[in-house]
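See structure below.
Basis for what follows: all heavy atoms, side chains included, without hydrogens, waters or symmetry-related copies. Predicted, not measured: the structure shown is a model, and the values here were computed from it.
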Amino acid sequence: MPMSELLQVQGLRKAFGGVQAVDGVGFALAAGELLALIGPNGAGKSTCFNMINGQLAPDAGSVRFAGREISGWRARDIWRLGVGRTFQVAATWASMTVVENVQIALLSHHRQLYRFWARAAKLHRDEALELLGAVGLRARADEPCSTLAYGDVKTLELAIALASRPKLLLMDEPTAGMAPGERNALMQLTGDLARKRGIGVLFTEHSMDVVFAHADRILVLARGRLIAHGTPAEIRANEQVREVYFGSGRIAQGLRRAGERDAPAAVPSR
C-alpha cells in the first residue's frame with residue numbers, strides 16, 4: 001500500500017433482510033484528499049460510513065486503515081486509532097462555553113474522562129484554544145455555545161473532531177442546514193486543514209455545488225453499488241451517471257449547474 005494511502009476498502013457488502021444495502025463497494029483514500037460519496041437516499045452511503053467507523057459489521061469485504069485491517073472493530077477502538085467523525089446534526093454542549101466543548105473532546109482523547117469532576121477550565125485549555133484558532137473561533141472561546149449561529153456550531157464541531165488528532169475524518173453531510181456562503185466556507189476550511197495536516201476526508205453531501213467545488217474525487221453510489229468514480233470533471237462527463245440521475249433529484253440539478261459553470265474536461269484520475 002502506498003505510504004500516502006490512509007484507507008482501502010475492498011468488496012464491502014451489507015444486507016438487511018433481503019435488501020442488499022451495500023454490494024461490493026471498493027475505493028481508496030489518500031492523505032490530504034477530500035473524497036465525496038454521493039447518491040440518492042437509500043444508495044448505501046450511511047451504511048458504508050457505519051461499516052468503516054465500526055457502527056456496523058460488514059457481511060463481507062475488507063476495511064484497511066493505515067495498513068491495518070479494522071473491519072469488525074468497535075467504533076471506540078477505531079476512533080482511538082485515528083478516525084474522527086462529524087454528523088449531519090451537530091452534537092455540542094449548549095450549556096458549556098465554546099472552549100469547554102473542545103476541552104471535553106480533549107479529555108476523551110487523552111483518556112482523562114475519569115477526571116471530569118475536576119475544574120474543566122484548567123484542563124487542556126491551551127490545546128483547545130489552538131484548535132479554535134485553527135477554525136477561526138478563538139475570539140469566541142469563552143462565550144456560551146448556545147450563543148453561536150448554526151454555521152459557527154458546525155465549525156465548532158470540526159474543531160471537536162480535530163481534538164482527537166485524526167488521520168481520517170468521516171463527515172456525514174457536514175453542511176446540512178447551512179447557508180450557501182457558510183457551506184463553502186466550511187468546506188474550504190476543511191480542505192485547507194486536511195491538506196496542511198495530512199488528513200484524509202471522506203464526506204457525503206447533498207449540495208452538489210459543494211461537492212463539485214471542493215471534492216478532489218467523487219464516488220457515485222446507486223442501489224448499493226459503485227457506478228462511477230473520478231474527478232469532478234470526469235463525473236460531470238460520465239454518461240452512466242447522467243443516465244441514472246438526470247431528470248430528477250439534487251444530483252441531477254447539481255450536475256447541470258456544474259456543467260453550465262464549467263464545461264467537462266478530461267482530467268486524469270489520481
Side-chain angles (χ1 to χ4, degrees), residues 1-39 42-88 105 108-111 113 158 160-174 190-191 193-195 197-205 215-230 269-270:
M1 182 181 68
M3 291 297 293
S4 62
E5 271 191 10
L6 289 176
L7 180 69
Q8 284 188 328
V9 176
Q10 295 180 337
L12 209 58
R13 297 179 185 275
K14 185 67 178 179
F16 299 100
V19 178
Q20 193 72 44
V22 174
D23 189 2
V25 169
F27 60 88
L29 173 63
E33 181 182 27
L34 269 67
L35 179 62
L37 181 62
I38 67 173
K45 303 184 300 296
S46 294
T47 303
C48 279
F49 260 51
N50 290 337
M51 286 190 284
I52 292 169
N53 87 326
Q55 290 184 311
L56 283 175
D59 296 335
S62 171
V63 179
R64 295 185 65 84
F65 171 64
R68 182 178 299 185
E69 179 64 48
I70 62 170
S71 177
W73 282 31
R74 296 182 304 172
R76 178 180 297 180
D77 295 331
I78 292 175
W79 177 75
R80 294 285 186 199
L81 199 60
V83 179
R85 182 167 179 177
T86 67
F87 296 86
Q88 181 177 353
S108 179
H109 173 61
H110 292 291
R111 305 193 182 197
L113 282 179
L158 176 59
I160 291 170
L162 293 174
S164 65
R165 298 294 190 256
K167 301 172 185 175
L168 171 65
L169 186 57
L170 307 177
M171 306 182 77
D172 189 2
E173 297 190 29
T190 300
L193 289 170
R195 285 181 280 273
R197 301 183 180 213
I199 301 170
V201 178
L202 176 65
F203 71 100
T204 66
E205 182 58 60
D216 296 308
R217 289 187 297 124
I218 301 171
L219 306 171
V220 184
L221 284 181
R223 297 182 179 179
R225 294 186 177 183
L226 184 64
I227 65 167
H229 68 279
S269 58
R270 294 175 58 167

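The shortest heavy-atom contact between N50 and R85 is OD1-NH1, 2.9 Å. Across K45 and L37, no two heavy atoms sit closer than the pair CD-O, 3.5 Å. Scanning all heavy atoms of the two residues, the minimum distance from A21 to T47 falls at CB-OG1, 4.1 Å. A pairwise comparison of heavy atoms in V63 and L7 identifies CG1-CD1, 3.9 Å as the closest pair. The heavy-atom pair separating T204 from F49 by the smallest distance is CG2-CE1, 3.6 Å. When every heavy atom of A215 is checked against every heavy atom of A36, the shortest pair comes out as CB-CB, 3.8 Å.
The line from CG of L56 to OG of S46 is 10.0 Å long, rounded to the nearest 0.5 Å. Atom CG of residue L221 and atom CD1 of residue I38 lie 9.0 Å apart, to the nearest 0.5 angstrom. Note: L202 CG to R217 CZ = 10.0 Å, rounded to the nearest 0.5 Å. Distance CD/Q10 to CZ/R64: 8.5 Å, rounded to 0.5 Å. We find the CG-CD distance between L6 and E33 to be 9.5 Å, quoted to the nearest 0.5 Å. Of the inter-residue distances, the one linking I199 atom CD1 with L29 atom CG reads 11.5 Å to the nearest 0.5 angstrom.
For the salt bridge (charged side-chain N to carboxylate O under 4.0 Å, His left out) condition, no pair includes a residue of residues 47-57, sequence neighbours left out.
Considering only heavy atoms from C-beta on, L168 stays 4.5 Å or farther from N53 through its side chain. Counting heavy atoms from C-beta on, the side chains of T190 and P174 never come closer than 4.5 Å. With a 4.5 Å cut-off on side-chain heavy atoms, W73 and L81 count as touching. Side-chain contact between V25 and L219 is absent, with no heavy atoms from C-beta onward closer than 4.5 Å. For the pair D59/K14, a side-chain contact is recorded, criterion being any heavy-atom separation below 4.5 Å from C-beta on. You'll find the side chain of F65 reaches within 4.5 Å of the side chain of V83, heavy atoms only.
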* **Audit row: Q8, S62, side chain to side chain donor-acceptor pair (under 3.5 Å) steps and yes/no** => CA-CA 8 Å; Q8 284 188 328; S62 171; over 6 Å; no

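Checked by atom type and distance alone, the side chain of D216 pairs as donor or acceptor with a backbone atom of L34 at under 3.5 Å. Between the side chain of S108 and the main chain of A105, no donor-acceptor pair closer than 3.5 Å is present.
Legend: residues meeting salt bridge (charged side-chain N to carboxylate O under 4.0 Å, His left out) with R165, ordered by chain and number and at least two apart, are E127.
For the pair D23 and R225, the salt-bridge criterion is met [side-chain N within less than 4.0 Å of a carboxylate O].
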